[in-house]
Amino acid sequence: QVQLVESGGGLVQPGGSLRLSCAASGSIYRIYTMGWYRQAPGKQRELVASITSGGNTNYADSVKGRFTISRDNAKNTVYLQMNSLKPEDTAVYYCNAVAYRAYESGEGDEYVYWGQGTQVTLSS
């Protein structure tokens with residue numbers, strides 16, 4: 001079974017920093033995209049940042065310039081460095097990974113995995 005384990009969440013003051021980590025294990029097929037989503041109280045889960053195995057990144061407008069996503073492909077580990085944190089960053093942050101299986105026919109299957117979530121709380 002595939003497992004994603006997050007760490008690094010906690011309580012932090014506005015303007016502070018946190019670094020989230022997520023390690024994926026047990027995947028049979030190659031993971032080509034990893035990312036972070038978050039869900040604030042009363043809000044829908046939203047994409048924060050993602051990164052492909054080739055290093056292409058995508059960020060939500062609200063975190064550009066403050067958050068940095070990085071990845072260690074050999075370890076199937078993704079990181080999220082969060083700086084200049086704001087009260088509106090308070091949420092449960094979920095790690096996400098997407099694996100793909102290609103068939104000889106040209107068809108393929110996509111497998112999506114989620115971590116259990118880690119709480120990030122701004123002390124305000």
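We're numbering straight along the sequence, starting at 1. Here the structure is a predicted model, which is why all the values come from computation and not from measurement.
Contacts classified as salt bridge (charged side-chain N to carboxylate O under 4.0 Å, His left out) and involving residues 51-62 (residues at least two apart or in different chains) are given here: Asp61-Lys64. The list of salt bridge (charged side-chain N to carboxylate O under 4.0 Å, His left out) pairs with a residue in residues 86-104, not counting sequence neighbours, reads Arg38-Asp89, Arg66-Asp89. Within the structure, no pair that satisfies the salt bridge (charged side-chain N to carboxylate O under 4.0 Å, His left out) test touches residues 105-124, not counting sequence neighbours. Here disulfide (SG to SG under 2.5 Å) pairs that include residues 44-85, with residues two or more places apart or in two chains, number zero. Counting only residues at least two apart or on different chains, the side chain to side chain donor-acceptor pair (under 3.5 Å) pairs with a member in residues 12-25 are Ser17-Asn83. The list of ring-ring contact (aromatic ring centres under 6.0 Å, His included) pairs with a residue in residues 60-100, not counting sequence neighbours, is empty. Screening residues 5-124 for disulfide (SG to SG under 2.5 Å) gives Cys22-Cys95 as the qualifying pairs, with residues at least two apart or on separate chains.
Pairing each heavy atom of Arg71 with each of Ser53, the nearest pair is NH1-N, 3.2 Å.
Within the 3.5 Å criterion, the main-chain N or O of Ala60 finds no donor-acceptor partner in the side chain of Ser62.
Ala24 is linked by a side chain to side chain contact (heavy atoms under 4.5 Å, CB included) to Leu4, Ile31, Met34, Asn76, counting only residues two or more places apart in sequence or in another chain. Take Thr52 and apply the side chain to side chain contact (heavy atoms under 4.5 Å, CB included) test, not counting sequence neighbours, and it matches Thr33, Asn56. Scanning for side chain to side chain contact (heavy atoms under 4.5 Å, CB included) contacts around Ala49 gives Tyr59, Ile69, Leu80, with sequence neighbours left out. By the ring pair (Phe, Tyr, Trp, His ring centres under 6.0 Å) test, Tyr111 pairs with Tyr29, sequence neighbours left out.
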Verdict with reasoning, Tyr32 to Val98, per side chain to side chain contact (heavy atoms under 4.5 Å, CB included): CA-CA 6 Å; Tyr32 66 86; Val98 181; 3.5 Å; yes
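Linking Ile, Leu, Val, Met, Phe, Trp and Tyr whenever their side-chain heavy atoms come within less than 4.5 Å puts Leu20 and Val12 in one cluster. Val112 and Ile51 fall into different hydrophobic clusters, where Ile, Leu, Val, Met, Phe, Trp and Tyr side chains are chained together by heavy-atom contacts under 4.5 Å. Tracing side-chain contacts under 4.5 Å through hydrophobic residues (I, L, V, M, F, W, Y), one never reaches Val78 starting from Val2; they form parts of separate clusters.
Exactly one of Tyr37, Tyr113, Trp36 qualifies for a side chain to side chain contact (heavy atoms under 4.5 Å, CB included) with Asn96. That residue is Tyr37.
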Would you tabulate the side-chain donor-acceptor contacts of residues 114-122 under 3.5 Å, counting partners in other chains and residues two or more places apart, or write 'none'?
unit_1: Gln116; atom_1: NE2; unit_2: Glu6; atom_2: OE1; d: 3.0
unit_1: Thr118; atom_1: OG1; unit_2: Gly9; atom_2: N; d: 3.4
unit_1: Gln119; atom_1: NE2; unit_2: Ala91; atom_2: O; d: 3.4
unit_1: Gln119; atom_1: NE2; unit_2: Thr121; atom_2: OG1; d: 3.2

